[in-house]
Each structure stands twice: as structure tokens, then as C-alpha cells.
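Data first, discussion second: the structure below is written as C-alpha cells.
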Amino acid sequence: MKLMKVVSLLAVTAGALALVAVPSNAQAKTKKKAAVKPVTIYLTRHGETTGNVMGRVQGWSDFPLTSNGIAVANNLGRGLKGKTFKVAYAGNLTRQQVTAKQALKYSGNKKVKVNVSKYLREGGYGSFEGDSIAADNALIAGVYGFKSGDEMMAKQGKDYWNLLQDAYYKLDQENSQKTNLVASDRAESSKQVQKRMAKELLTIAKATQKRGGGNALVVSSGMSINEYLSTMAGSKYTGAPLKNAAVTKLVYKHGKLAVSGPIGSMTYVDKGAKLAK
């Protein structure tokens, strides 16, 4: 009888411990979920380049930052001081990578590695790479029946950047410049740019969330960012040109990215410029 009582007591005690363990595990899971922070991507255009100053079509061509471009990237970093970045990404062009590194350095995030992705580079312009923008604009405008690039920009509004990209694509497919470029080196269409940008940014958001969430710095280029934003920013998107080092914040929620705040904000650069004085 005594032996049976002891066995019963042990069984009751074990059952009680098991009951205590269940809510303990549930609490641990709840705490783990609560620890995941929202994902915010700081989508940024690179600093000023020699190509910008000379009015050249850049695309995949690797024009470097000017001295002013480096200073602007530094000011971007100063303006971001206090923001902790979990990760950083840039396109595979020097102007994008240097902007990211300088911004990280001056924001107090210099230990963060810059991951390089070709999917974040500028739209490709194929046979038109390195051309005078002014000269090409007249040619591009003609594709849509406009007299000048300025007239086309004024009348096409938020569709301008996509139409510009598609005109380069159309003309290069027709080999208007009579070059021997293979298909993979010719101009991209707006759909191609939008698809690779959207896929890569979503991949970055998901990867950042898996690491506990937080901020991600992503440096790309003006045309590719504009083309991407035109697909998902809704009424906020106007198609206005993006200034060098302009920032657009994207927030990742429920499996989707959405614009948070103004598009192409110069707040961080302006703040950094004041701090640099």
C-alpha cells in the first residue's frame, strides 16, 4: 500500500510539472514573437557622379562619385546618426556601393557589411550607355511624338520614367544605334527593371525580418527607384525626379512593402549638412 501511495504521489507531481511547463513554453514563444521589430528599408539614391555633372546616360556604366557626391553621402550618414542598421545593400555599381559605405560610416554603422546585388543597379540603356542625355532626349521624345524631352516629361507625369525606359528598350531592340551588342547587354524594359527591383527588395525585407527585424539601408539609382515606386506607391507617387541621396522609407508588413512618409526625402542630407558645419 505504501509503495502504491508513493507511486501515485510521483505521478501527480510529474503531471503538475508538465502542466507548469506548457504555459512556460507558450510564454517563451510569445516573447520571441514580440522581440521581432518591424522592418524599415531606407531606399536611397546614390550621391552625385561625374556622369550626373556631365549630363551622361549612366545605366550600367560605372561612373564614380564626384567630391561633392562623397560629401553628400557623408551628410546622409550624419543625418542618419542614431539609426541602427541591421543590414545594408547596394547595387553592383561603384556609385551605389560608395554611397552606402560612406552613409554607414558617418551614421555610426561602419561595421555593417554592404551586400552587393546586381538586381539593385540602375536601369540598363544598352547601346545608349554614355550618350549625352540632351541628345538622347530628343530621340526618345520622337518615339512618342513629342518635340522635346522637356515636353514629354511635362505631359507624361508619373509615367515619364517608365516610358523613358521603354523608349530606350524599343530603340535598342530595333538597333537604331547600329551596335553589335548581344541581347543580354541591350536596354531593359520598365517591366524588367520593376520586376528585379521588387523581387530583390522583398527578399531583403523577408531576410531582415528573419533576423529579428530592424532597419535596412538600400542604395540604388534614380531611374530604377522611380520605376519601382510607380508600381506600388499609389497616390503618393508623382514621378518627380529624385535628388542625389534622397531617401524613401518602405515598411514591410503582412508580406508586403509600402511607402511610409514622403518619397525622395532630403531631410537626412539637409540635417547632416547642418551638422557638418
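By the rule that hydrophobic residues join a cluster once side-chain heavy atoms approach within less than 4.5 Å of another member, L164 and V57 end up as members of one cluster. M197 and L250 fall within the same hydrophobic cluster, defined by Ile, Leu, Val, Met, Phe, Trp and Tyr side-chain heavy atoms under 4.5 Å apart, directly or through other members. By the rule that hydrophobic residues join a cluster once side-chain heavy atoms approach within less than 4.5 Å of another member, L257 and Y89 end up as members of one cluster. In the hydrophobic cluster analysis, where Ile, Leu, Val, Met, Phe, Trp and Tyr join through side-chain heavy atoms closer than 4.5 angstrom, Y42 is grouped apart from M232.
Side-chain N or O atoms of R78 include none that pairs as donor or acceptor with a backbone N or O of Y106 at under 3.5 Å. When atom types are taken as modelled, the side chain of D62 and the backbone of T94 share a donor-acceptor pair closer than 3.5 angstrom. Checking side-chain atoms of K86 against main-chain N and O of G213 turns up a donor-acceptor pair under 3.5 Å. Under a 3.5 Å cut-off, the side chain of N92 and the backbone N or O of S117 do not form any donor-acceptor pair. Of the possible polar contacts, one joining the N52 side chain to the T49 backbone as a donor-acceptor pair under 3.5 Å is found. Judged by distance alone, with hydrogens and angles left aside, the side-chain atoms of R186 form a donor-acceptor pair with the main-chain N or O of L181 at under 3.5 Å.
Checked for salt-bridge contact, E122 and R95 miss the test: no charged N lies under 4.0 Å from a carboxylate O.
Checked options Q96, Q58, R45; the residue passing with S221 is Q96 (criterion: side-chain hydrogen bond (donor to acceptor under 3.5 Å, both in side chains)). With V247 as the partner, the side-chain contact (heavy atoms from CB on, under 4.5 Å) test is satisfied by one option alone out of I41, T44, L43, L242: T44.
Taking the side chain as every heavy atom from C-beta outward, L120 and S224 never approach each other to under 4.5 Å. You'll find the side chain of N226 stays beyond 4.5 Å of the side chain of Y160, heavy atoms only. In this structure the side chain of V116 reaches within 4.5 angstrom of the side chain of Q97, judged on heavy atoms. Within the 4.5 Å cutoff, the side chain of M153 has heavy atoms near those of the W161 side chain. At a threshold of 4.5 Å between non-hydrogen side-chain atoms, the residues D150 and N137 do not count as touching. Here the side chains of V143 and M152 are not in contact, with every heavy-atom distance at 4.5 Å or above. Side chains of Q165 and E227 form a contact here, defined as non-hydrogen atoms less than 4.5 Å apart. Looking at Y252 and K206, their side chains come closer than 4.5 Å, going by heavy atoms from C-beta outward.
Side-chain contact of Q194 with T231: a donor-acceptor pair under 3.5 Å is absent, judged by distance alone. Side chains of D270 and T267: no donor on one and acceptor on the other come within 3.5 Å.
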- Task: Start with the C-alpha distance between L139 and Q177, add both sets of side-chain angles, then the distance that settles side chain to side chain contact (heavy atoms under 4.5 Å, CB included), and finish with yes or no.
- Result: CA-CA 11 Å; L139 187 62; Q177 304 303 89; 4.1 Å; yes
- Item | Verdict with reasoning, S107 to N109, per side chain to side chain donor-acceptor pair (under 3.5 Å) | CA-CA 6 Å; S107 65; N109 292 277; 2.9 Å; yes
- Decide yes or no on side chain to side chain contact (heavy atoms under 4.5 Å, CB included) for Y144 and K155, but give the supporting numbers first. CA-CA 11 Å; Y144 300 106; K155 292 187 177 180; over 6 Å; no
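F128 and S176 make their closest contact through CZ-OG, 3.5 Å (heavy atoms, listed as atom of the first residue, atom of the second, distance). Of all heavy-atom pairs spanning L76 and A103, the tightest one is CD2-CB, 3.9 Å. The shortest non-hydrogen separation linking W60 to L93 is O-CD2, 3.2 Å. Taking all atoms of both residues into account, the shortest heavy-atom contact from T208 to I204 is OG1-O, 2.7 Å.
Heavy-atom contacts from other residues, nucleotides or ligands closer than 6.0 Å to NZ of K256 number 12 or fewer. Other residues, nucleotides and ligands place no more than 12 heavy atoms under 6.0 Å from the NZ atom of K101. Residue-environment remark: CZ (F85) exceeds the threshold of 12 foreign heavy atoms within 6.0 Å.
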